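Here is the structure we will look at.
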Amino acid sequence: MKYITRLNHPPAVKLPEDNRPLIAPIYQSVKFTFDDVEESERHSRGERDGFIYSRVSNPTLRQLELSLAELQGRDSCLLTASGVAASNLTLMALCKQGDHVVLFAEMYQPTRYCVRRLLARFGVMHTMLSIDDHAGIEKILASKPTRAIVFESPTNPVLKVADIVRITAAARAHGALTILDNTFAGFHNHGQFDIDVYVHSLTKYASGHGDVMGGAVIARKELIDAMRTDFIVMGATLDPHAAFLIQRGLRTYGLRYERQCGNAQRIAEFLASRPEVKRVRYPGLASDPGHALARQQMQDFGTMVTVELAADSDGATRFAEALQLFAISASLGSTESLVQPGRLMRPRDLSAEEKGWAAVNDTTVRLSIGIEDADDLIADLEQALAER
Ligand SMILES: *Cc1c(COP(=O)(O)O)cnc(C)c1O
């Protein structure tokens, strides 16, 4: 054999039966093989376990799917290359022409785009409400056959808490599926509710370090199996190396989230005591309209704090720019703190009434709280408030 041939057929490393890595390796391989055609065929007929092609499945991805499904309290999971792919492909896989979807003005903007622009091109109709409008939710479900309700809790960015029991009960009564973008609350929250599909951006708390993107769809097995072929064919697969990094990040997920929540609570209390701040939105504050619901629904109150500054647009900009420990940036859930001023979150796609529900304006400032020392973060916020 010439060396060029050998280089492409390298010697295999086989681990002895009683010897295994403690950390699951990265299966950085697109292809998998069986010894004979019969077994390949049995695999493709679904008669045996195994792997054939990484867009379909890969052992590193399978490992992460198992971890995330268990954490969210369901039995099955599909991974995607980003969080938006998880929510958008879910909607595309579950909806068809003529279906009706309910969504909310307070949601993540790309989800609104997916329903109102993209799915609309394929004949899917929608109704957009405020997440606070319980009567409206019950009325629309009673009057219009609805395929799915897609919602968040707490919402991005103003942290309204959805009444999950009411929404899921109304959806169940009228045969609508519930899709919860659970990115803000995290995998350890909301598993006890009658939610059909959870979607997550893994870019945020799962990876936790702001260096990798991913998304997950978590649901009971029949629902995931029904969506699986569409996901495989739409092709927004997570890369095994990204899956490996996210799996590594997950080891400290609980510690990070807990610490970030503790910091967020202290920061929310500090900001609520300041005259430069008109309003603090944080479900952990007893004064927050979502506090009682969040207490019932969540194990903690999240790591995001959103404020309305007693300032104008320029004052909010000066505040964001004066912060030294909070970088001006999109995204959230990293170990380092971030700030997003309202000017960068303007909901341009909403009508005047919908903007009122969304409650984002130029003096809104969203803070993603990291794992730094809370006293240092508070000192930084204090000096920046003086600059507003
Ligand atoms: C970031 C985010 C997404 C999208 O995730 P990407 O990984 O950036 O695609 C979806 N929903 C919420 C609530 C988010 O915060």
Side-chain angles (χ1 to χ4, degrees), residues 61 64 68 72 77-92 101 103-116 118-119 131 148-162 164 178-187 189-190 195 197-218 231 234-239 242-243 245-246 249-250 253 256-257 260 264 281 283 290 298 302-306 327 329-334 337-340 344-345 347 349 358-360 364 366-370:
L61 271 68
L64 183 57
L68 294 174
Q72 187 64 87
C77 174
L78 283 168
L79 297 171
T80 53
S82 68
V84 293
S87 55
N88 298 351
L89 298 193
T90 295
L91 283 160
M92 290 175 79
V101 172
L103 80 162
F104 300 94
E106 293 93 334
M107 300 192 74
Y108 187 60
Q109 194 272 335
T111 309
R112 301 198 299 257
Y113 177 90
C114 175
V115 174
R116 303 206 309 160
L118 206 157
L119 289 180
I131 196 73
I149 297 193
V150 51
F151 69 110
E152 293 168 12
S153 187
T155 62
N156 181 9
V158 299
L159 310 173
K160 290 190 188 176
V161 180
I164 301 180
T178 45
I179 304 170
L180 173 62
D181 181 338
N182 209 20
T183 299
F184 269 41
F187 306 89
N189 274 308
H190 299 154
I195 298 285
V197 185
Y198 297 87
V199 299
H200 286 270
S201 167
L202 304 179
T203 314
K204 315 292 171 53
Y205 302 102
S207 91
H209 296 76
D211 52 7
V212 59
M213 303 196 81
V217 183
I218 302 170
F231 272 66
M234 289 194 276
T237 317
L238 190 67
D239 179 77
L245 289 173
I246 294 165
L250 269 186
Y253 163 82
R256 285 185 280 106
Y257 199 93
Q260 287 169 280
R281 298 176 180 271
M298 300 173 72
T303 79
M304 304 296 290
V305 178
T306 298
S329 177
S331 200
L332 56 110
S334 285
S337 295
L338 303 169
V339 58
Q340 189 79 328
L344 299 180
M345 303 188 291
D349 58 314
V360 180
T364 308
R366 189 187 80 173
L367 301 168
S368 170
I369 310 299

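As the structure lists them, so they are numbered: ligands from 1, and atoms in each ligand from 1. Bear in mind the structure is a predicted one, so any value in this text is a computation, not a measurement.
With contacts defined as side-chain heavy-atom distances shorter than 4.5 Å, the pair Phe231/Thr80 qualifies. Taking the side chain as every heavy atom from C-beta outward, Ile164 and Phe151 approach each other to under 4.5 Å.
The contact set between ligand 1 and Lys204, taken as ligand atoms under 4.0 Å from a residue heavy atom, comprises 1 (C), 2 (C), 3 (C), 5 (O), 14 (C), 15 (O). Each of the following atoms of ligand 1 lies closer than 4.0 Å to a heavy atom of Val84: 4 (C), 5 (O), 6 (P), 9 (O). Distances below 4.0 Å separate heavy atoms of Leu332 from the following atoms of ligand 1: 15 (O). Interface atoms of ligand 1 facing Ser82, defined by a heavy-atom separation under 4.0 Å, are 7 (O), 9 (O).
Of the polar atoms of Gly83, at least one N or O is found under 3.5 Å from an N or O of ligand 1, judged by distance alone. The shortest N/O to N/O separation between Met213 and ligand 1 does not fall below 3.5 Å. For the pair Thr203 and ligand 1, the shortest N or O to N or O distance falls below 3.5 Å.
Nearest heavy-atom pair, Thr203 versus Gly83, reported as atom, atom and distance to 0.1 Å: OG1-N, 4.5 Å. When every heavy atom of Ala185 is checked against every heavy atom of His190, the shortest pair comes out as CB-CE1, 3.4 Å.
In this structure, Gln72 contributes its side chain and Asn189 its backbone to a donor-acceptor pair below 3.5 Å. Remark: the backbone N or O of Ser201 is paired with a side-chain donor or acceptor of Thr183 at under 3.5 angstrom.
In terms of protein heavy atoms, atom 3 (C) of ligand 1 is closest to Tyr108 CE2, 3.3 Å.
Looking at Tyr205 and Thr303, their side chains do bring a donor and an acceptor atom within 3.5 Å of each other.
The closest heavy-atom contact to atom 11 (N) of ligand 1, among the options Thr183, Asp181, Asn156, Asn182, comes from Asp181.
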